[in-house]
2 protein chains.
Amino acid sequence: MDDKLDAIFSALADPTRRAILGRLAKGKATVAELADPFALSQPAISKHLKVLEQAGLIRSGREANSRPRVLEPAALKTIADWMADYRRFWDQSFDRLDDYLSKVQGYEND
Amino acid sequence: MDDKLDAIFSALADPTRRAILGRLAKGKATVAELADPFALSQPAISKHLKVLEQAGLIRSGREANSRPRVLEPAALKTIADWMADYRRFWDQSFDRLDDYLSKVQGYEND
DNA sequence: TAGCTATATAGCCATATGGATATATTCTCG
DNA sequence: CGAGAATATATCCATATGGCTATATAGCTA
């Protein structure tokens with residue numbers, strides 16, 4: 001699990017890769033489309049994509065000639081879960097909210 | 001802001017540093033106390049602390065002979081805010097919860 | 001002030017990272 | 001099948017990172 005967190009956090013520690021995720025949040029995209037906004041070579045982008053994929057943040061598809069990428073949200077949930085332990089430190093409403101929800105009838109968190 | 005996110009994510013991309021944060025979540029600690037659980041030299045720990053401090057994740061105090069560290073939650077909030085844009089991808093209840101809260105009387109999120 | 005404690009800094013080394021260019025691979029299509 | 005398009009891999013280079021040992025600095029305390 002530590003290894004997973006290492007990979008995810010370090011994948012996110014780069015503005016190019018975060019921007020790529022931002023693009024993928026709007027939907028599937030090819031490598032060429034992902035590379036377009038950047039002044040970087042295609043291999044550089046492929047390298048970034050590999051880092052993101054190995055961290056589990058994205059997945060590769062296969063479509064005719066291209067290998068479109070899609071977002072893989074589970075990895076983000078992994079770090080969100082890690083952060084949950086700290087949430088009380090900055091989110092003053094968190095404890096109260098949690099408490100509140102547990103008392104509300106008819107609300108199910110799936 | 002990108003630089004800030006770079007620094008925070010890359011500070012978190014190391015298990016030693018995350019463990020240090022975990023310790024600090026339980027309260028202020030000296031460098032010696034923070035170093036204790038690890039099979040690392042004192043300078044190595046000091047280096048990690050510097051990384052955490054430069055990312056804004058911790059702060060140094062001054063107390064007699066020692067320089068105790070404390071958690072600085074604002075930095076964690078920074079990445080939580082960044083992640084908020086993606087939350088809808090994994091948290092199915094998020095939209096519903098958000099919607100629900102906006103309709104609840106008497107609840108104020110500060 | 002001298003010495004002890006706590007911590008920081010300097011310097012060194014090995015490995016990792018991010019970029020580039022050149023080339024290989026894999027499909028699609030005529 | 002041969003050409004072109006889309007992407008991956010191989011190399012190479014410069015810089016960053018994480019660890020160590022040795023040493024410097026700062027504050028107590030006798």
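In what follows, every chain begins at residue 1, and chains take the letters A, B, ... in the order their sequences are listed.
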*asked:* Side chains of B/T30 and B/E63, heavy atoms from C-beta outward: is any pair under 4.5 Å?
replied: no
*Do B/V70 and B/R59 touch side chain to side chain, with heavy atoms closer than 4.5 Å?*
yes
*Do you know the tightest heavy-atom contact between B/A75 and B/A55?*
CB-O, 3.8 Å
*Looking at CD1 of B/I20 and CG of B/L71, how far apart are the two atoms once the value is rounded to the nearest 0.5 Å?*
12.0 Å
*Just by protein heavy atoms under 4.0 Å, how would nucleotides 25-30 of chain C read 5' to 3' in B, S and -?*
-SBS--
*With A/L34, which of A/T16, A/L24, A/I58, A/L52 fulfils side chain to side chain contact (heavy atoms under 4.5 Å, CB included)?*
A/L24
*asked:* Closer than 3.5 angstrom, by distance alone: can the side chain of A/T78 be matched with the main-chain N or O of A/A74 as a donor-acceptor pair?
replied: yes
*Relative to each other, are the rings of A/F9 and B/F9 parallel, tilted or perpendicular (30° and 60° limits)?*
tilted
*asked:* For a quick check, with a 4.0 angstrom heavy-atom cut-off, what is the B/S/- contact string for nucleotides 17-24 of chain C, read 5' to 3'?
replied: -BBSBB--
_Out of the candidates A/S46, A/S60, A/P68, only one should pair with A/V31 under the side chain to side chain contact (heavy atoms under 4.5 Å, CB included) rule; please name it._
A/S46
*For B/R17 and B/A11, indicate whether the former's side chain and the latter's backbone hold a donor-acceptor pair under 3.5 Å.*
yes
_Carboxylate-amine/guanidinium contact B/D81 B/K77, below 4.0 Å_ = yes
*Which nucleotide of DNA chain D is the first, and which the last, in the 5' to 3' direction, to come under 4.0 Å of a heavy atom belonging to chain B?*
D/dG18 to D/dC28
